[in-house]
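Here is the naming used below: chain letters follow the sequence lines, and residue numbers restart at 1 for every chain. Bear in mind the structure is a predicted one, so any value in this text is a computation, not a measurement.
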Amino acid sequence: MPRYEPMRAVRGMRDILPKDRGIWRVAEKAAADVARRFGYEEIVTPVIEAAELIERVGEDTDAVAKELYRFEDRGGRKLALRPEATAGVVRAYFEGHLNQLPQPARLFLIGPMFRYNRPQKGRYRQFFQLDVEAIGGESPALDAEVIEIAATWLREIGLGDLRMDLNSIGDAKCRPAYLDLLRAYYRPLKDQLHGDCQRRLESNPLLLLDCKVPQCQPFKVDAPRITDHLCEECAAAWTAVRRLLDAAGIEYRHDPYLVRGLDYYTRTVFEFYPANRDGSQDALGGGGRYDGLAEAEGWPATPGVGFASGLDRVTEMMKETGAEVIAAPLAEVLVLADAGLEVAAAEVARICRTAISVAVDYEPKSLRAKMRSANKLGSRWVVLLSASEAGRRVAQLKNMASGEQAEVAWDDLPARLA
RNA sequence: GUGGCUAUAGCUCAGCAUGGCAGAGCACCAGAUUGUGGAUCUGGCUGUCGCGGGUUCAAAUCCCGCUAGCCACCCCA
């Protein structure tokens, strides 16, 4: 009865295959290069965190409320696969005593994140993010710095043609008063809003600004804007960030409707999109300031600002925009030996390997077929080995480009191939 | 989480409205070429028709359920 079905990757998970790995490497290397140039160090934190850490930090957001991979281990501990990096990085910042070093701690991380949502192209249940965080500093210059890192990285991997939206959502001091204004504005309109928005009106009115349902759009224009109601400190920071971005030559668009799903964000919020597209599906990255996060985790109040970008989408776009990628390095030499000469072939390969990359074709097929493989793999050289030649410790060395072929002693191969 | 489309050879897909021998191209293997690649030609191998059930003399084809992928929402990255 259990007729078998070959095993496949679980829903929402995917493999990065060798042919695509090159472009990922380019993106990752560029990220590490740019980050280091700005004085950011790499950190690696666990994929598994205490469920409480994740939940405390974003109970109201979909990412946590509906999309969290949550489970218990054999010891009954309540755990979760991280849906984003910031919570873990901030935790590590305190646990690793980075708060005792000169501030801010400048950190970056590349790794997998997990969200249980419906898979689609560019949206996977396991996806990879580049995460950049400056923790322990409240200067708006750090906001601009993080944005500049993001913009520099995207430009260097060929995705410079993008749009950045920018907004400020105030802080604990000025936001409550603003939210009251917003509620007061929307209450008379409540009946005309769609269901979710009616509910959000009292619980999380900021999200009304972010709503994309057509029937809710007309009311946004006249809604009060938070940037008009910032407290003194937030207003100063808002001005400073924009001035710094101008000086850095980074273009942005003030989007008064840009808010962030996560509760701990304060002041600066930003998102990057490809210039020609809209659709939230295409968001390449985003971030903002999270001065309330450390406290939410039970650590001393500590400001921070960060940026995250999805590598799955970024590499997808790099392919579309035809970014130059170095072809995957294949074996430059392929050893083709007759049947039964595996030991000799392996030894010849070992000798060649002191000078160059080598693979052996052990397949039991005709020489013609092996030559076709060598050609398809793009090998520069082929070493042909027959029993009589193996006995004399010589082989035929063929240059695939010129077609020239000559007998060469095994021990002379490295010199000829170098 | 909601709605829609899709699933046939290793890959891309045709066949399905009207049930009746499981197909093409590519890839792979072999030969033309008396051990030597690319081009060309010839031949050959490859299938639980996604999974499970139902209808029927008969199901890739019709019906139901499930799973997975894609698209639009939702949300984000």
Nucleotide paired to B:A24 in any strand shown, Watson-Crick or G-U, under 3.5 Å: B:U12
Sugar-phosphate, base or nothing in reach of A:G12, heavy atoms under 4.0 Å: sugar-phosphate
Salt-bridge contact A:D171-A:R289 (side-chain N to carboxylate O under 4.0 Å): no
Sugar-phosphate only, base, or nothing, as touched by A:L311 at under 4.0 Å among non-hydrogen atoms: nothing
Polar side-chain contact A:R118-B:G3 base: donor and acceptor under 3.5 Å: yes
Nearest-Å distance once atom C1' is located in both B:U56 and B:C64: 16 Å
Any A:S366 side-chain N or O less than 4.0 Å from OP1/OP2 of B:A30: yes
Sugar-phosphate, base or nothing in reach of A:R11, heavy atoms under 4.0 Å: sugar-phosphate
Side chain A:Q405 and base B:U36 donor-acceptor under 3.5 Å: yes
For B:C29, the Watson-Crick or wobble partner whose two distances fall under 3.5 Å: B:G43
Among B:C75, B:U36, B:C74, the one nearest A:K66 by side-chain distance: B:C74
Sugar-phosphate, base or nothing in reach of A:A374, heavy atoms under 4.0 Å: nothing
A:K121 side-chain proximity, nearest of B:G1, B:C70, B:C29: B:C70
Residue matched to B:C66 through Watson-Crick or wobble contacts both under 3.5 angstrom: B:G50
Side chain of A:R368 - closest among B:G35, B:C73, B:G31: B:G31
Identity of whatever pairs with B:A58 - Watson-Crick or G-U, under 3.5 angstrom: none
B:U34 - base-pair partner by Watson-Crick or wobble geometry, distances under 3.5 Å: none
Same-atom distance (P) from B:G44 to B:A24, integer angstrom: 10 Å
C1' atoms of B:A30 and B:C66, separation to the nearest Å: 43 Å
Sugar-phosphate, base or nothing in reach of A:D312, heavy atoms under 4.0 Å: nothing
N/O donor-acceptor pair, side chain A:N117 with base B:G1, under 3.5 angstrom: no
Sugar-phosphate only, base, or nothing, as touched by A:K398 at under 4.0 Å among non-hydrogen atoms: base
Proximal nucleotide (of B:A72, B:G1, B:U36) relative to the A:L367 side chain: B:U36
Quiz item: A:R123 side-chain donor-acceptor pair to B:C74 base, under 3.5 Å: yes
Separation of the C1' atoms in B:C16 and B:A22, to the nearest angstrom: 13 Å
Options B:A77, B:A72, B:G37, nucleotide nearest the side-chain atoms of A:A283: B:A77
Sugar-phosphate only, base, or nothing, as touched by A:Y124 at under 4.0 Å among non-hydrogen atoms: base
Partner nucleotide of B:C75 by Watson-Crick or wobble geometry (both distances under 3.5 Å): none
Modelled atom types, side-chain donor and acceptor of A:Q217 and A:Y257, under 3.5 Å: no
